[in-house]
Amino acid sequence: MNEHTLRQRLVTLGKRLYDRGLSPGTSGNLSVRLEDGWLTTPTNSCMGELNADEISKLDWEGNVISGSKPSKEYFFHLAYYKNRPQAQAIVHLHSTYSSAVSCLKNLDDKSILPPITPYFVMRIGQLPLVPYRRPGDARLGDDVARLAPHYSSLMLANHGPIVTGRDFDSTVSAAEELEETARLFLLLHGHEYRVLDDAAIDELREHFGVQWES
Ligand SMILES: O=C(O)[C@@H](O)C(=O)COP(=O)(O)O
Ligand SMILES: [Zn+2]
């Protein structure tokens, strides 16, 4: 897709996330890789009301080339792009169930959600918890840089998810699917439930190349 089309997709998919209640108020940010830089949502923008011409365009040093002041989290987007070449787009949300999970105590920090459905394993994979930092703290960029080569998605503690993917549309879908998995996980709380066993994970690895360390 060319830059013009990707700007339109940012507006359309931002509205989709907002309309589905996944980015309340001015929370969250989106970005997409271009050949000559990358686009991200302006800081304090409402995802339901993005304007294609105001979207921020940055270079690979984090300098603004055009558009409005970028998301204050631009550095963690940049850290993901620089350390994960296959990441073509990034979605950060404050979606309710995912953010609720990010506040739970006693999570397995290396993989906070168990493999309850194949779709979660295929689309998100193991999801580590990034220790809490203030939004906009540049040290989040270092945290992301360290984890990005190994994980397509991360959960910021007491905050919300960061999801990356091979194209913009599938990244947005994966973020929606993560939200549904978090919802299932919380619905299952207090119930005895099965998780996918090693054989089921091996089969997914074989068919879909998923990354999941048993
Ligand atoms: O939680 C925050 O403040 C940010 O991570 C966020 O979601 C929105 O910040 P901007 O992208 O700067 O609007
Ligand atoms: Zn946020």
Side-chain angles (χ1 to χ4, degrees), residues 9-10 12-32 41 46-48 50 73 76-77 80 84 86-130 147 150-197 200-201 203-205 207-214:
R9 282 318 278 160
L10 271 164
T12 302
L13 294 175
K15 181 158 173 16
R16 174 169 125 188
L17 290 166
Y18 182 80
D19 288 347
R20 292 183 179 175
L22 300 177
S23 58
T26 60
S27 64
N29 29 74
L30 309 174
S31 70
V32 64
T41 45
C46 170
M47 278 204 215
L50 294 173
E73 312 283 31
F76 77 54
H77 290 250
Y80 234 134
R84 192 169 180 87
Q86 63 270 49
Q88 294 297 320
I90 300 175
V91 172
H92 163 59
L93 298 175
H94 295 185
S95 44
T96 308
Y97 292 96
S98 301
S99 298
V101 169
S102 84
C103 302
L104 290 176
K105 284 186 171 177
N106 303 322
L107 296 169
D108 173 359
D109 289 1
K110 292 200 183 85
S111 185
I112 65 168
L113 288 170
I116 46 180
T117 66
Y119 225 52
F120 169 64
V121 174
M122 289 154 59
R123 302 303 299 270
I124 298 292
Q126 274 164 321
L127 181 67
L129 189 71
V130 180
L147 294 164
H150 312 291
Y151 301 97
S152 70
S153 302
L154 305 172
M155 183 68 88
L156 303 178
N158 296 78
H159 187 163
I162 308 174
V163 176
T164 75
R166 290 178 181 279
D167 60 65
F168 192 26
D169 284 57
S170 68
T171 306
V172 170
S173 300
E176 292 173 331
E177 285 149 14
L178 170 57
E179 177 68 357
E180 287 308 303
T181 306
R183 184 163 173 235
L184 285 178
F185 178 68
L186 293 171
L187 278 171
L188 289 167
H189 183 72
H191 297 271
E192 285 192 58
Y193 60 90
R194 289 184 304 274
V195 298
L196 301 187
D197 60 18
I201 304 262
E203 197 185 1
L204 291 174
R205 201 178 284 123
H207 280 74
F208 303 108
V210 301
Q211 281 195 309
W212 191 287
E213 304 300 324
S214 299

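For the atom pair OG of S99 and CG of L22, the computed distance is 10.0 Å after rounding to the nearest 0.5 Å. Taking CD1 of I162 as the reference point, atom CG of L178 lies at 11.5 Å (rounded to 0.5 Å). Annotation: the span from C103 atom SG to N158 atom CG amounts to 4.5 Å, rounded to 0.5 Å. To the nearest 0.5 Å, atom OH of residue Y193 and atom CG of residue L187 are 11.5 Å apart. Note that OG1 of T41 is 5.0 Å distant from CG of L30, once rounded to the nearest 0.5 Å. Atoms CG and OH, on L184 and Y97 in that order, are 10.5 Å from each other to the nearest 0.5 Å.
Using a 4.5 Å cut-off on side-chain heavy atoms (C-beta onward), L154 and Y80 make contact. Using a 4.5 Å cut-off on side-chain heavy atoms (C-beta onward), L93 and M47 make contact. Contact check for P161 versus S95: side-chain heavy atoms found under the 4.5 Å cut-off. The closest side-chain heavy-atom distance from L104 to L186 is below 4.5 Å. Taking 4.5 Å as the limit, every side-chain heavy atom of V91 sits out of range of all side-chain heavy atoms of L13.
In terms of heavy-atom proximity, E179 sits nearest to T96 at OE2-N, 3.2 Å. Residues V172 and L17 share a closest heavy-atom pair of CG1-CD2, 3.8 Å. The minimum heavy-atom distance between L196 and T117, with the atom names listed, is CD1-C, 3.8 Å. Nearest approach of A87 to T164, heavy atoms of both residues: CB-CB, 3.9 Å. Taking every heavy atom of both residues into account, Y18 and G25 meet most closely at CE1-O, 4.0 Å. For the pair M155 and S98, the tightest heavy-atom approach, listed with the atom from each and the gap, is CE-O, 3.3 Å.
A donor and an acceptor atom, one from each side chain of H92 and H77, are nowhere located under 3.5 Å apart.
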For this session: Show your reasoning for whether side chain to side chain contact (heavy atoms under 4.5 Å, CB included) applies to F168 and T12.
Result: CA-CA 11 Å; F168 192 26; T12 302; over 6 Å; no
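The side chain to side chain donor-acceptor pair (under 3.5 Å) test applied to R9 returns D169, not counting sequence neighbours. Residues that satisfy the salt bridge (charged side-chain N to carboxylate O under 4.0 Å, His left out) test with R183, not counting sequence neighbours, are E180. Under the side chain to side chain donor-acceptor pair (under 3.5 Å) criterion, E176 pairs with R16, R20, not counting sequence neighbours. Judged as a salt bridge (charged side-chain N to carboxylate O under 4.0 Å, His left out), and not counting sequence neighbours, D197 has no contacts.
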Could you pull out every donor-acceptor pair under 3.5 Å between side chains of residues 118-126 and any protein atom, sequence neighbours left out?
from : atom 1 : to   : atom 2 : distance (Å)
Y119 : OH     : R123 : NH1    : 3.3
R123 : NH2    : S170 : O      : 3.3
Q126 : OE1    : E213 : N      : 2.8
Q126 : NE2    : E213 : O      : 2.9

Side-chain donor/acceptor pairs under 3.5 Å, residues 108-116, sequence neighbours excluded:
from : atom 1 : to   : atom 2 : distance (Å)
D108 : OD1    : K110 : N      : 3.1

